Amino acid sequence: MREYLLTLCITAAVTYLLTGPVRKFAIVAGAMPEIRARDVHREPTPRLGGIAMFFGLCAGLLVADHLTNLNQVFETSNEPRALLSGAALIWLIGVLDDKFEIDALIKLGGQMIAAGVMVVQGLTILWLPIPGVGSVALTQWQGTLLTVALVVITINAVNFVDGLDGLAAGMVCIAATAFFLYAYRIWYSYGIEAAAPATLFSAILMGMCLGFLPHNMHPARIFMGDSGSMLIGLVLAAGAISVTGQVDPDALNLYVGSEKEAVHQTVPVYIPLLLPLTIIAVPAADLILAIVRRTWRGQSPFAADRGHLHHRLLEIGHSHSRAVLIMYFWSALIAFGALAYSVNSASMWIVLGVVFLSAIGLLLLLLPRFTPRTPRWMERFVPPRYRRRGSVAALSPEASTPASAADQPAPAGAENRTPVVSGVAGVNGATAIGPRSRLADRRKAGTR
């Protein structure tokens, strides 16, 4: 575990330290496009954050190769080299797209080629654990097609959800954390060495996201762009492919009996990882809804619009930060709920806990303008939007204005101005300049 933590910390440190210079490079290189009609940010922001994330990936793999225990992963498996090859290709395509806005079909072709590069080097699905049947061996073509499909779906799911500051990096970090705990349990508890590459990939992915998040939280100083979103999507897919299609369920010995019974016992574990729709359920749902919505309108499935889940949260009145936190909540609930269920599928408390937390999440969705209030003794230490209405006036600088100043004639037009107080009804906490628009003109928001 210590070597995994060391790899994670070095990956995060390299990503964090390189993001600042990469931001300056992106500004000089002109990778800072004008604000589009579907964007939510108000100022041109540089992209190419994926450059720092890619070098963080390289640093993590390099450090792991020189550690005593993790070095065995490179000696016994070619999967780390396959991941690095596919990641380099998809990262290069993303950098070109961030700078020159390449066609969507070209990006799709590049994603398929990157997946094919990993398949050629051995990172592929060899068999599938099917409940009631057992482990079904796949032919070379079947394994290749399934691997490519899984990589493309995961990459585009992450890319589609990258629409708010810190959203994609945070959600993938949550998914990678749950995935790491699962893979480490398979590798350490059951002694299955085939799960070691997936554990390493998850630790590195966590470091990439954690190192980039401080620069990407609202208000973001830099975006990861397609060079980052496609990269972390590919790394997440690589971990799922490694642990799903190459770990023999019968080797877990979770059930004494036939292989069919062993597979049936491990259904809660393998079904979520077969197609990582549970680990990244929210991005996958957003991807499916976007494809259906755009196809129904007669548009291309890759045509950008403003109908994503995070855009709808903004439309119903949630602030930017609150929309991101709600998406984090649902991702964590689904990912860690599946993880807990895979550990003990017979526990009814897990199901009840997930149901209870889901009810809380639905309640948060229905209260977009709810602003929590702090105790009076803490009001001097929190932003004005969290203070009570009377306290705002008492703590504001205007409250101590001399009476003579109040007698001064008001400037022209001042009689038509109404002061806005943070925290009052009708004012969103994130803006404090007036009620949030319902986006009737459909101008803000979109994927980057």
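Here the structure is a predicted model, which means the values were calculated and not measured. Numbers for residues simply follow the sequence, beginning at 1.
Side chain to side chain, Asn71 and Asp65 meet the donor-acceptor criterion of an N or O pair below 3.5 Å.
Residue Tyr184 qualifies as enclosed at atom OH: its count of foreign heavy atoms under 6.0 Å is above 12. A 6.0 Å sphere centred on CZ of Phe74 holds more than 12 heavy atoms belonging to other residues, nucleotides or ligands. Atom OH of Tyr16 sits in a sparse spot, with 12 or fewer heavy atoms from other residues, nucleotides or ligands closer than 6.0 Å.
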- In sequence, state the C-alpha distance, the side-chain angles, and the governing distance for Ile232 and Phe212, and then conclude on side-chain contact (heavy atoms from CB on, under 4.5 Å). CA-CA 12 Å; Ile232 60 178; Phe212 184 72; over 6 Å; no
- Message: Using the rule given for side-chain contact (heavy atoms from CB on, under 4.5 Å), can you reason through His215 versus Arg23, listing the C-alpha separation, both sets of side-chain angles and the distance that settles it, and then say yes or no?
- Response: CA-CA 10 Å; His215 300 273; Arg23 179 179 181 273; over 6 Å; no
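With contacts defined as side-chain heavy-atom distances shorter than 4.5 Å, the pair Ile27/Lys24 does not qualify. Two residues are said to be in side-chain contact when any heavy atoms from C-beta on lie closer than 4.5 Å; Thr199 and Val73 fail this criterion. At least one side-chain heavy atom of Phe223 sits less than 4.5 Å from a side-chain heavy atom of Asp165. Looking only at side-chain heavy atoms (C-beta outward), Leu57 and Thr11 stay at 4.5 Å or farther from each other. Using a 4.5 Å cut-off on side-chain heavy atoms (C-beta onward), Ile204 and Val235 make no contact. Looking at heavy atoms from C-beta onward, Lys107 lies in side-chain contact with Asp97 at the 4.5 angstrom threshold. Two residues are said to be in side-chain contact when any heavy atoms from C-beta on lie closer than 4.5 Å; Leu234 and Val158 fail this criterion.
Glu3 and Leu70 get closest at one heavy-atom pair: OE1-N, 3.1 Å.
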